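Both counts, for ligands and for their atoms, begin at 1 and track the order of listing. Values in this document were obtained by computation on a predicted structure and should not be read as measured data. Sequential numbering from 1 along the given sequence is applied to the chain's residues.
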Amino acid sequence: MKLIAEPKIYLVTRPAVDWEQVATFLADEGLPAVPDSIRAGKDESAAVVEVSARMCYMSFGRGRKDIADFVNNLLKSKDGSVFEHVNYGFVVTGVSRSLTHELVRHRAGFAYSQRSQRYVDEAASAFVLPPALVDSIGDTGEARRILAEALETASASYAELVEALDKALPPDKFTSNTDRRKAIRQAARAVLPNATETKIFITANVRAWRHFIEMRGAPFADWEIRRLALIVLDILQKEAPLLFGDFTVSQLPDGTKTATPTYSKV
Ligand SMILES: Cc1cc2nc3c(=O)[nH]c(=O)nc-3n(C[C@H](O)[C@H](O)[C@H](O)COP(=O)(O)OP(=O)(O)OC[C@H]3O[C@@H](n4cnc5c(N)ncnc54)[C@H](O)[C@@H]3O)c2cc1C
């Protein structure tokens, strides 16, 4: 039985700007060529926000000259919709089904594609250790033993259920083998625990990521999803410092970390 202590997170999609097209648009409109205030090529994420925000008032080449000042003003005044133009996509593995059940409650601006427990055989699936049993602040040996025993039992019951249903469900009642396999697996998964590992592709825009990190980076959020929120924040702060730089990370007495934004729910 495979136990997973930490997730793996891959940033697989990020925004890109076609500066030639931006320049053509500005020329067609008789506006100044890509204004200095838009830092082309340096931080494309912030540039997308600035280009879209300036569209509202056609203020290209006018007003605030510093892009950090420009973005902070948008965050401060909660002009959040322009942050929806910037999307980041992550592939996440080594997280539990309980984490993704909480994750997919985040609706606005999010897209998900998750490994199916109906199509994919879970016989050899791994399980995710709750962080309290990993980065332990106490002796969790006994808790780990109890968990491992429960997971072994669940895994064995899943395999037995698959076998029993394979014998019980007549092939001639299904239009295809795939449908029959799905019928078996969707029933057998009833005994899989919350700790079952899953893999998920998550895409969200910056407004949505900021809200997710604020909600799930808060001290009262579950430790596993909080850890994910903190890792995502760390990646996005490097990727788009102007859009996520206002979050501060602190450590709680229990050793876990939290994230708090200066600009809440933009
Ligand atoms: C610590 C913690 C504990 C939680 N405990 C529970 C629990 O016990 N039970 C439970 O069911 N959930 C629980 N949740 C989930 C929580 O209720 C939200 O479903 C989840 O955090 C997603 O938040 P959201 O709806 O703001 O996000 P999103 O769905 O991403 O929405 C973002 C924002 O868009 C707006 N919005 C989105 N959809 C609508 C809509 N249909 N109508 C109007 N405005 C909309 C709202 O302003 C919303 O805040 C918990 C969350 C946290 C962080």
Check your understanding: Who's the nearest protein heavy-atom neighbour of atom 26 (O) of ligand 1, and how far?
Key -> His211 NE2, 2.8 Å
Point to revise | Other residues, nucleotides, ligands: >12 heavy atoms within 6.0 Å of Glu20 CD | key: no
Point to revise | NZ (Lys78) with more than 12 external heavy atoms under 6.0 Å | key: yes
Review point. Between Arg216 and Asp222, is the closest basic N to carboxylate O distance under 4.0 Å?
Key: no
Practice item. Quick one: look up the protein heavy atom nearest atom 19 (O) of ligand 1 and list residue, atom name and how far away it is. Key: Arg105 NH2, 3.3 Å
**Study point:** Verify atom 32 (C) of ligand 1: protein non-hydrogen atom under 4.0 angstrom away
**Key:** yes
Exercise for review: Report yes if the distance between the aromatic ring centroids of Phe110 and Tyr112 is under 6.0 Å, otherwise no.
Suggested key: yes
Review point. Atom 51 (C) of ligand 1: which protein heavy atom is closest, and how many Å away?
Key: Arg216 NH1, 3.4 Å
Review point. Please state which protein non-hydrogen atom is closest to atom 41 (N) of ligand 1 and give its distance, to 0.1 Å?
Key: Arg107 NH1, 3.8 Å
Review point. Only one of Tyr88, Phe244, Phe90 clears ring pair (Phe, Tyr, Trp, His ring centres under 6.0 Å) with Trp209; which?
Key: Phe90
Check your understanding: For atom 6 (C) of ligand 1, is some protein heavy-atom partner under 4.0 Å away?
Key -> no
**Study point:** Numbered atoms and elements of ligand 1 in range of Phe220, under 4.0 angstrom, heavy atoms
**Key:** 1 (C)
Point to revise | atom 16 (C) of ligand 1 protein-contacted, heavy-atom criterion under 4.0 angstrom | key: no
Check your understanding: Tell me, do Phe83 and Leu74 make a side-chain contact under 4.5 Å, heavy atoms counted?
Key -> yes
Review point. Do any N or O atoms from the side chain of Glu224 and from the backbone of Pro130 form a donor-acceptor pair under 3.5 angstrom?
Key: no
**Study point:** Nearest neighbour in protein (non-hydrogen) for atom 48 (C) of ligand 1
**Key:** Lys265 NZ, 3.8 Å
Review point. Would atom 53 (C) of ligand 1 count as contacted, meaning some protein heavy atom under 4.0 Å?
Key: yes
Check your understanding: If you measure from the Lys or Arg side-chain nitrogens to the Asp or Glu carboxylate oxygens, is any gap between Arg105 and Glu102 under 4.0 Å?
Key -> no
Exercise for review: Provide, to 0.1 Å, the distance between atom 34 (O) of ligand 1 and the closest protein heavy atom, together with that atom's residue and name.
Suggested key: Ala108 CB, 4.0 Å
Check your understanding: What atoms of ligand 1 come within less than 4.0 Å of a heavy atom belonging to Met215?
Key -> 21 (O), 53 (C)
Exercise for review: Evaluate the side-chain proximity of Arg226 to Thr256: yes if any heavy-atom separation is below 4.5 Å, no if none is.
Suggested key: yes
Exercise for review: Look up atom 28 (P) of ligand 1 and tell me if a protein heavy atom lies less than 4.0 Å from it?
Suggested key: yes
